Amino acid sequence: MDDDAGTAPEATTDGGGDDGAGRRFRLAYVPGATPAKWVRTWRERLPDVPLELVAVEPGDAERALRDDEADAAILRLPVDRDVLSAIRLYEEAPVVLVSRDHLLAALEPEEPVALDDLADDVLLRPLDDVVPWAGEAGAPDDAPQPPGRPADERPATTGDAVVLVAANVGVAVVPQSLARLHHRKDVTYRRLEGAPSAPVALAWVADRDDDLVEEMVGIVRGRTANSSR
């Protein structure tokens, strides 16, 4: 599944419902994640339990769960399985971001790029990189090495990498949702064949598994309101 599930709706700031119990559910999500369709289902199915969306940075999602700032999170794998439970939701396709002046920008939008096509390019890998290249935590056994030549210094964030791509300093490889999130007129992207996909999951603290967490698990798994768990 790619990132066409829709953009995240605005977070509510409700601190509780009017059902007497003051219950709510806080769902954190990282940049590029698209919880909209699950949020709609929740609000249809549990109208008396407000759902609050909590935007978090990629490296902060696990901490938000541990510190009880969210009840569950849509984040990118891997996670600490000693503390968190997680189920995969979908895999994000990787793309290569290039300057509008780059030779690859002349390709047709649907024409793919191979890893070898980046051999002479500087690869800008941000410190918050979510693509599981070989050697990274959670990378598949057959994950390739990053293509191209490493930059002298890694950008701090994906946003910083995109700025450097726009300046034609190098190229960057990101999930398609992040390419869309960081859209600029002077940067474009092409589908990258051979790069590992970035898995997205729903995660929660294992020992805080309750009925509301189970409701969210059922929703993301596509269970109907009348189906058993």
Side-chain angles (χ1 to χ4, degrees), residues 1-5 29-34 56-62 74-80 86 88-201:
M1 174 176 175
D2 59 20
D3 61 331
D4 60 359
Y29 67 100
V30 297
T34 53
V56 294
E57 294 302 317
D60 212 30
E62 289 194 45
I74 299 175
L75 44 65
R76 293 184 173 86
L77 295 176
V79 296
D80 183 354
R88 288 193 180 218
L89 301 176
Y90 55 89
E91 304 274 337
E92 287 201 81
V95 299
V96 57
L97 289 167
V98 299
S99 163
R100 288 283 183 182
D101 297 328
H102 195 284
L103 289 174
L104 294 177
L107 296 175
E108 293 297 322
E110 298 304 317
E111 192 172 352
V113 173
L115 291 177
D116 288 346
D117 294 332
L118 306 179
D120 295 328
D121 286 289
V122 172
L123 181 65
L124 301 162
R125 290 187 63 199
L127 295 177
D128 62 0
D129 189 11
V130 298
V131 179
W133 300 106
E136 296 294 326
D141 293 339
D142 59 350
Q145 294 290 334
R149 297 177 287 120
D152 291 336
E153 186 175 343
R154 294 181 66 176
T157 68
T158 298
D160 293 332
V162 174
V163 171
L164 294 173
V165 169
N168 217 8
V169 173
V171 302
V173 177
V174 299
Q176 188 173 359
S177 66
L178 290 183
R180 292 177 175 173
L181 182 66
H182 293 283
H183 171 73
R184 294 173 53 121
K185 291 182 179 179
D186 48 4
V187 172
T188 188
Y189 65 86
R190 295 293 181 269
R191 180 165 54 90
L192 184 61
E193 289 188 335
S197 59
V200 176

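Remember, it's a predicted structure, so these values are computed and weren't measured experimentally.
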Quick test of your reading: applying salt bridge (charged side-chain N to carboxylate O under 4.0 Å, His left out), list the pairs with at least one residue in [range], sequence neighbours left out, ordered by first then second residue.
{"range": "residues 148-157", "answer": "none"}
{"range": "residues 101-122", "answer": "none"}
{"range": "residues 127-140", "answer": "Arg125-Asp129, Arg125-Glu136"}

Note to self: With a 6.0 Å cut-off (strictly less than), is the heavy-atom count around CD of Glu57, excluding the residue itself, greater than 12?
What the structure shows: no
Notebook entry, point to check: For Leu103, does the CG atom have more than 12 heavy-atom neighbours from other residues, nucleotides or ligands under 6.0 Å away?
Noted result: no
Would a 4.5 Å heavy-atom cut-off, applied to side chains only, mark [X] and [Y] as touching?
{"X": "Val200", "Y": "Thr34", "answer": "no"}
{"X": "Glu92", "Y": "Ser197", "answer": "no"}
{"X": "Pro58", "Y": "Pro31", "answer": "yes"}

Notebook entry, point to check: Any side-chain hydrogen bond (donor to acceptor under 3.5 Å, both in side chains) pairs touching residues 159-169, not counting sequence neighbours?
Noted result: Thr157-Asp160
On a heavy-atom basis, which atom in [X] and which in [Y] lie closest, and how many Å separate them?
{"X": "Leu77", "Y": "Ala86", "value": "CD2-CB, 4.3 Å"}
{"X": "Ala161", "Y": "Pro155", "value": "N-CB, 3.8 Å"}
{"X": "Pro132", "Y": "Ala139", "value": "O-CB, 3.4 Å"}
{"X": "Val165", "Y": "Ser99", "value": "O-CB, 3.3 Å"}
{"X": "Leu75", "Y": "Ala61", "value": "CD2-CB, 3.7 Å"}
{"X": "Val95", "Y": "Arg191", "value": "CG1-CA, 4.1 Å"}

Checklist line | Rounded distance (nearest 0.5 Å) linking atom CZ of Arg100 with atom OG1 of Thr188 | finding: 4.0 Å
Margin query: So, taking the atom named CG in Leu107 and the one named CZ in Arg190, what distance separates them when rounded to the nearest 0.5 Å?
Written below: 6.0 Å
Margin query: What verdict does the side chain to side chain contact (heavy atoms under 4.5 Å, CB included) test give for Val130 and Leu178, after you've listed the backbone C-alpha separation in whole Å, the side-chain angles of each residue and the deciding distance to 0.1 Å?
Written below: CA-CA 10 Å; Val130 298; Leu178 290 183; 4.2 Å; yes
Checklist line | Member of Val187, Val171, Thr158 meeting the side-chain contact (heavy atoms from CB on, under 4.5 Å) criterion with Leu97 | finding: Val187
Next item on the list: List in chain and number order the residues that pass side-chain contact (heavy atoms from CB on, under 4.5 Å) with Val163, two or more places apart in sequence or in another chain; answer none if no residue qualifies.
Entry: Arg184
Next item on the list: Go through the structure and list residues passing side-chain contact (heavy atoms from CB on, under 4.5 Å) with Leu115, not counting sequence neighbours.
Entry: Trp133, Pro144, Pro147, Leu192, Ala195
